[in-house]
Amino acid sequence: MKIDFRKENDYWNKYWAEHSVPFAPSLFAKFVLQHLPPQAMLCELGCGNGRDAVYFSMNNICVDAYDLACNEIEYLQKKYASTKLQFFVGDFSKLFSVEEKYNAIYSRFTIHSVTEEQEDAVLVWAYTALKKGGCVFFESRSIKDPLLQTGEKLSSNENFTDHYRRYMDAEKFQKKLLKLGFDIVYREESDLFAPYGDEKPMIVRIIAKKMK
Ligand SMILES: C[S@@+](CC[C@H](N)C(=O)[O-])C[C@H]1O[C@@H](n2cnc3c(N)ncnc32)[C@H](O)[C@@H]1O
């Protein structure tokens with residue numbers, strides 16, 4: 001099965017259109033905030049309805065937030081126009097190279113939305129875009145998440161339910177980060193990180209620091 005990324009984009013545009021998804025910050029955003037220096041520059045990859053981007057900016061973090069869901073981004077641009085919080089329509093796997101702009105690069109439930117090739121591009125971009133001492137923060141569904149066993153199986157770690165997902169193999173992902181020169185600051189896997197209704201997905205959290 002070939003993934004039609006235009007349909008994926010339609011899925012997310014529709015998903016956010018009703019503004020019925022909770023706007024409270026995620027548990028991951030609250031966790032990450034404790035690791036950020038004051039007035040950090042943060043780039044969010046796949047901000048969805050903007051709940052975490054808004055939360056960070058309310059806590060004096062300067063945020064550039066990207067998402068492909070253009071209708072939602074246009075709505076957020078009008079609602080939250082500020083120099084400290086900027087929303088952009090964009091594919092986070094194809095961002096322009098910027099050198100040492102950010103203290104933090106944040107991705108919650110979005111690195112599992114892209115192919116491995118795109119993931120590799122994101123990691124290379126992130127290393128360049130981070131300042132020395134800056135960190136990447138990823139939260140993703142794990143290959144141990146029972147949801148992987150549902151829908152249409154595309155490979156050992158990919159499936160299609162109502163949309164595409166590629167579940168994170170934490171060990172493999174960590175190796176990629178180390179190879180790029182990151183140090184691993186934190187890595188944990190749990191089904192308590194992102195409960196949603198009756199669901200308790202198995203989630204990986206990983207923080208890696210650019211040392212040089
Ligand atoms: C599961 S939602 C997560 C949203 C938000 N991070 C949160 O936790 O509430 C995934 C989001 O990633 C976005 N997305 C997926 N692939 C993308 C890409 N290549 N570039 C930009 N955004 C992308 C989708 O449009 C969607 O809004």
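Just so we're clear, the structure is a prediction, and the values are computed from it rather than from any experiment.
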Distance (rounded to the nearest 0.5 Å) between [X] [atom1] and [Y] [atom2]:
X	Y	atom1	atom2	answer
Glu44	Phe92	CD	CZ	10.0 Å
Lys14	Asn9	NZ	CG	10.5 Å
Arg108	Arg205	CZ	CZ	8.5 Å
Ser140	Phe173	OG	CZ	7.5 Å
Lys176	Leu123	NZ	CG	6.5 Å
Glu74	Glu72	CD	CD	10.5 Å

Query raised in the report: Looking at Phe56, Phe137, Tyr55, Phe138, which hits ring pair (Phe, Tyr, Trp, His ring centres under 6.0 Å) with Tyr106?
Result: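 It is Phe56, the one option of Phe56, Phe137, Tyr55, Phe138 that forms the ring pair (Phe, Tyr, Trp, His ring centres under 6.0 Å) with Tyr106.
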Which pair of non-hydrogen atoms, one from [X] and one from [Y], has the smallest distance, and what is that distance?
X	Y	answer
Glu189	Ala170	OE1-CB, 3.8 Å
Ser142	Val204	CB-CG2, 3.5 Å
Phe87	Gly50	CE2-CA, 4.0 Å
Glu139	Phe193	OE2-CB, 3.8 Å
Ala69	Asp67	N-OD1, 2.9 Å
Leu27	Pro195	CD1-CD, 4.0 Å

Requested in this report: Any chance you could lay out the side chain to side chain contact (heavy atoms under 4.5 Å, CB included) test for Ile61 and Leu33, step after step, and finish with the verdict?
Outcome: CA-CA 9 Å; Ile61 305 299; Leu33 186 65; 4.0 Å; yes
Query - N-O pairing of Arg165 and Asp145 below 4.0 Å - result: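 So Arg165 does not pair with Asp145 through a salt bridge.
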Is the shortest side-chain heavy-atom distance between [X] and [Y] below 4.5 Å?
X	Y	result
Glu171	Arg187	yes
Asp169	Asn157	no
Glu116	Asp120	yes
Glu8	Phe160	yes
Thr115	Ser93	no
Cys47	Ile73	yes
His163	Trp12	yes
Tyr66	Asp91	no

Quick check on [X]: does its [atom1] atom have over 12 non-hydrogen neighbours (other residues, nucleotides or ligands) under 6.0 Å away?
X	atom1	value
Lys209	NZ	no
Lys200	NZ	no
Lys153	NZ	yes
Gln39	CD	no

Report task. Decide ring-ring contact (aromatic ring centres under 6.0 Å, His included) for Phe31 and Tyr186; before the verdict, give the C-alpha distance in whole Å, the side-chain angles of both, and the deciding distance to 0.1 Å. Result -> CA-CA 12 Å; Phe31 169 78; Tyr186 169 89; 5.1 Å; yes
**Report entry** Parallel, tilted or perpendicular, as decided by the 30° and 60° cut-offs, for the rings of Phe5 and Tyr164
**Finding:**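 If you compare the ring of Tyr164 with that of Phe5, the planes turn out perpendicular.
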Report task. Go through the steps for Tyr75 and Asn49 under the test side chain to side chain donor-acceptor pair (under 3.5 Å), then give the verdict. Result -> CA-CA 9 Å; Tyr75 167 82; Asn49 68 358; over 6 Å; no
Any side-chain to backbone donor/acceptor pair from [X] onto [Y]? Under 3.5 Å, distance only.
X	Y	answer
Asn159	Thr150	yes
Asn103	Met41	yes
Lys210	Gly134	no

**Report entry** Working for side chain to side chain contact (heavy atoms under 4.5 Å, CB included), residues Phe88 and Leu95
**Finding:** CA-CA 11 Å; Phe88 301 97; Leu95 295 180; over 6 Å; no
Query - side-chain hydrogen bond (donor to acceptor under 3.5 Å, both in side chains), paired with Arg166, selected from Gln118, Glu158, Glu119 - result: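 The option that passes is Glu119.
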